[in-house]
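Reviewing the structure listed below.
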Amino acid sequence: MSSFETVYWEDPYVVLIDQTKLPSETLYHRYQDPEGVALAIENMIVRGAPAIGVTAALGLALAAKQSKTQDLSKARLEFSHWCERFARTRPTAVNLFWGIEKMKHISDQDFSDTDTWSEALLQEALRIREEDISFCKKIGEHGAALIKPESKILTHCNAGALATAGWGTALGVIRSAFHQGKNISVWVDETRPFLQGARLTAWELMQEQIPATLITDNMAGYFIQQGEVDAIVIGADRIAMNGDVANKIGSYTLSVLAKEHGIPFYVAAPTSTIDIACKSGAQIPIEERSPEEVTQIGGTSIAPQGMSARHPGFDVSPAQNITAIITERGVAKANYMESLAQVMETELAEATERS
Ligand code: MRU
């Protein structure tokens, strides 16, 4: 396991490593107030789809524990307001809404008092966290089987232990392949404008001494053309049922390059990232973040004052560019309508029952 924790519960606090400070400072924040946890998601102190889902679940457990009322129906009403608050933090990663739904499901069960209700919510959040780590390990095993020895793998953004409760998805595949002695090396895209690659992925890989080289995003095509990239592995924020994948802005470009050059383009994600209500990538909401994240780096302007800028945080890689989607339940390949329906068989049956 990693030498750091991304998100955990230390009674009565939710604890987060501050990802805006890494790699220069390793700082942990303790939250005793659910609003602080919601703001931490909004401000990207914690980020990465599975980590956001786990954090929201723990934030909701904190809200339930903090509730002053002994009246269960009042406590449930407060809780539903907190669910709405957490749902407004970030729009693209479906794991957030998945985590909230899991917690709502527990809240709606029969309880005799608020103490047993809030304790059940905490236990569910802790279970979600543990499950995320074990699913990442399984994703790592399934994915490592696809990686050839001596491969040079390119990854984008940070889909590592920092983006999950531990181990990671895309970096989980890389970690597992490395620990199997496959002698791999990693190209790390810096990931403009938030620099998740340069700051976070580079930090994680260096901690474990996994051979890695940092490049700027616009160098990826050059190294692919030179035959220096054998596979691309990325994470995902939301996967539609036709296999379209939303991930960090720049992923689409890589998927096109991979197709053009005939190199495998793998997406690694837990099934909590697959949105059974979403038919295609066109339905995925794309977060538009502050233009200042483009015009400034670390608070310093790099563009003329008043320059207009845009910052879509994510893009969609079409299913036809994706070689395989690696989940904890196994590897799905085209035709994704069929293979993802099989992977999500239980959830689809439950949804049919509910309707
Ligand atoms: O804006 P971020 O940093 O939350 O975006 C994160 C990504 O795009 C990751 O690649 C994705 O969430 C997968 S994390 C396992």
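Note that ligands are numbered from 1 as they come in the structure, with each ligand's atoms numbered from 1 the same way.
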Judged by atom type as modelled, is there a donor-acceptor pair below 3.5 Å linking the side chain of His311 to the main-chain atoms of Glu293?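 Flag not set: sc His311 to bb Glu293 has no pair under 3.5 Å.
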Would a distance-only check, ignoring hydrogens and angles, find a side-chain to backbone donor-acceptor pair under 3.5 Å from Asp237 to Thr92?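 Not confirmed, Asp237 side chain does not pair with Thr92 backbone.
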Can you tell me the protein heavy atom closest to [atom] and the distance?
{"atom": "atom 11 (C) of ligand 1", "value": "Asp237 OD1, 3.1 Å"}
{"atom": "atom 14 (S) of ligand 1", "value": "Ala163 CB, 3.4 Å"}
{"atom": "atom 15 (C) of ligand 1", "value": "Thr169 OG1, 3.1 Å"}

Against heavy atoms of [X], which atoms of ligand 1 measure under 4.0 Å?
{"X": "Arg90", "result": "1 (O), 2 (P), 4 (O)"}
{"X": "Gln196", "result": "1 (O), 2 (P), 3 (O)"}
{"X": "Ala159", "result": "14 (S), 15 (C)"}

Looking only at heavy atoms of Pro50, does any of them come nearer than 4.0 Å to an atom of ligand 1?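 Under 4.0 Å: yes for Pro50.
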So does Gln207 have more than 12 non-hydrogen atoms from other groups sitting under 6.0 Å from CD?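 Yes.
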CD of Gln283: more than 12 outside heavy atoms within 6.0 angstrom?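 Enclosed: over 12 neighbouring heavy atoms sit under 6.0 Å from CD of Gln283.
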Nitrogen or oxygen of [X] less than 3.5 angstrom from that of ligand 1:
{"X": "His156", "result": "no"}
{"X": "Ala49", "result": "yes"}
{"X": "Met44", "result": "no"}
{"X": "Asn247", "result": "yes"}

Counting only heavy atoms, which portion of [X] has something under 4.0 Å from ligand 1: side chain, backbone, both, or neither?
{"X": "Glu287", "answer": "neither"}
{"X": "Ala236", "answer": "backbone"}
{"X": "Phe314", "answer": "side chain"}

If the plane angle is over 60° it's perpendicular, under 30° parallel, otherwise tilted; pick one for Phe4 and Trp203.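 Taking Trp203 first and then Phe4, their aromatic rings sit tilted (interplane angle of 30° to 60°).
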Salt bridge flag under 4.0 Å for residues Glu204 and Arg199: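 No.
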Salt-bridge test for Arg175 and Glu208: reply yes if a basic N is under 4.0 Å from a carboxylate O, no otherwise.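 Between Glu208 and Arg175 there is a salt bridge, with a charged N closer than 4.0 Å to a carboxylate O.
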Quick one: which of Arg47, Lys248, Arg289, Gln19 has a heavy atom closest to atom 1 (O) of ligand 1?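 Heavy atom nearest to atom 1 (O) of ligand 1 belongs to Lys248.
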Would you kindly check if the NZ (Lys) or CZ (Arg) of Lys259 is within the cone defined by 45 degrees around the ring axis of Phe265 and under 6.0 Å from the six-membered ring centre?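 The answer is no, since Lys259 fails at least one limit relative to Phe265.
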Are Ser67 and Glu78 linked by a side-chain donor-acceptor pair shorter than 3.5 Å?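 Yes, Glu78 and Ser67 have a side-chain donor paired with an acceptor closer than 3.5 Å.
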Return yes if a side-chain donor-acceptor contact under 3.5 Å exists between Asn95 and Ser272, otherwise no.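 Asn95 vs Ser272: donor-acceptor pair found between side chains.
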